[in-house]
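Inspection log for the structure reproduced underneath, given as structure tokens.
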Amino acid sequence: MTTLVVSTSDPTPPYEQLRKQLTDLIHSGVLAPGDRLPPLRQLARDLGLAVGTVARTYRELEADGLLTSRRGGGTRVADNPPRLPEAERRQRLDELATNYLHHTRQLGIDDQAALEAVRRAGR
């Protein structure tokens, strides 16, 4: 599975950081329907979190229809996870664009060059 990171310096609660990352991985197809997620205790240990924090994340994602859990079968990505609502997709896109521009500006790259890089990457 792709590396998940929970930052203690981020003001966002750890369960929410984890929920957002897993949601993004599912909606982007990195985690595909049927993929198994790590057991609660393992993921909690790997991320240095309490088991309850990971359990809360999994419960919320299950309530959102993104995960399914079965005793003895583990937690898996739902067969037909719902798509993000259009408003949330736009919001996520804006967040990604803002983050991208922040990083390119730190590198001293002007916005036009950053846009050209996006165009090249999309070809």
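For reference, positions follow the sequence shown, starting with 1.
Heavy atoms only, all atoms of each residue included: Gly65 and Ala78 are closest at O-CB, 3.3 Å. Among all heavy-atom pairs drawn from Ala114 and Tyr100, the shortest one is O-OH, 2.9 Å. Minimum heavy-atom separation, Ala32 to Val77: O-CB, 3.3 Å.
To the nearest 0.5 Å, atom OG1 of residue Thr68 and atom CG of residue Leu61 are 11.5 Å apart.
Pairs engaging residues 88-110 under the salt bridge (charged side-chain N to carboxylate O under 4.0 Å, His left out) rule: Lys20-Glu95, Asp24-Arg92, Glu86-Arg89, Glu86-Arg90, Glu88-Arg92, Arg105-Asp111 [sequence neighbours left out]. Legend: salt bridge (charged side-chain N to carboxylate O under 4.0 Å, His left out) pairs involving residues 44-53, not counting sequence neighbours: none detected. Evaluation of the salt bridge (charged side-chain N to carboxylate O under 4.0 Å, His left out) test over residues 58-84, restricted to residues two or more places apart or in two chains, returns Arg56-Glu60.
Between Val6 and Tyr15, the closest side-chain pair of non-hydrogen atoms is not below 4.5 Å. A 4.5 Å side-chain heavy-atom check between Pro82 and Leu66 finds at least one atom pair inside the cut-off. For the pair Leu37 and Leu22, the minimum side-chain heavy-atom distance is below 4.5 Å. A heavy-atom distance below 4.5 Å is found between the side chains of Leu43 and Leu18.
Applying the side chain to side chain donor-acceptor pair (under 3.5 Å) rule to Thr75 yields the partners Ser69; only residues at least two apart in sequence or on another chain are considered. Ala97 pairs by the side chain to side chain contact (heavy atoms under 4.5 Å, CB included) definition with nothing, not counting sequence neighbours. Under the rule for a side chain to side chain contact (heavy atoms under 4.5 Å, CB included), the partners of Val51 that lie at least two apart in sequence or sit in another chain are Leu40, Arg41, Ala44. Looking at residues two or more places apart in sequence or on another chain, you find a salt bridge (charged side-chain N to carboxylate O under 4.0 Å, His left out) between Glu16 and Arg19. Listed by chain and residue number, Thr12 satisfy the side chain to side chain donor-acceptor pair (under 3.5 Å) test with Asp10 (two or more places apart in sequence, or in another chain). Every residue was checked against the side chain to side chain donor-acceptor pair (under 3.5 Å) condition with Thr8, not counting sequence neighbours, and none meets it.
Both Val54 and Leu4 are part of a single hydrophobic cluster, where members link through side-chain heavy atoms under 4.5 Å apart. Clustering ILVMFWY residues whenever any of their side-chain heavy atoms sit less than 4.5 angstrom apart, transitively, puts Leu31 in a cluster other than the one holding Leu96.
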- Query: Under the side chain to side chain contact (heavy atoms under 4.5 Å, CB included) criterion, do Thr57 and Leu49 qualify, and how do the steps go?
  - Reply: CA-CA 11 Å; Thr57 300; Leu49 298 173; over 6 Å; no
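By the 4.5 Å side-chain criterion applied to Ile, Leu, Val, Met, Phe, Trp and Tyr, Ile109 is assigned to a cluster that also includes Leu107. Through direct or relayed side-chain contacts under 4.5 Å between Ile, Leu, Val, Met, Phe, Trp and Tyr, Val5 connects to no other residue.
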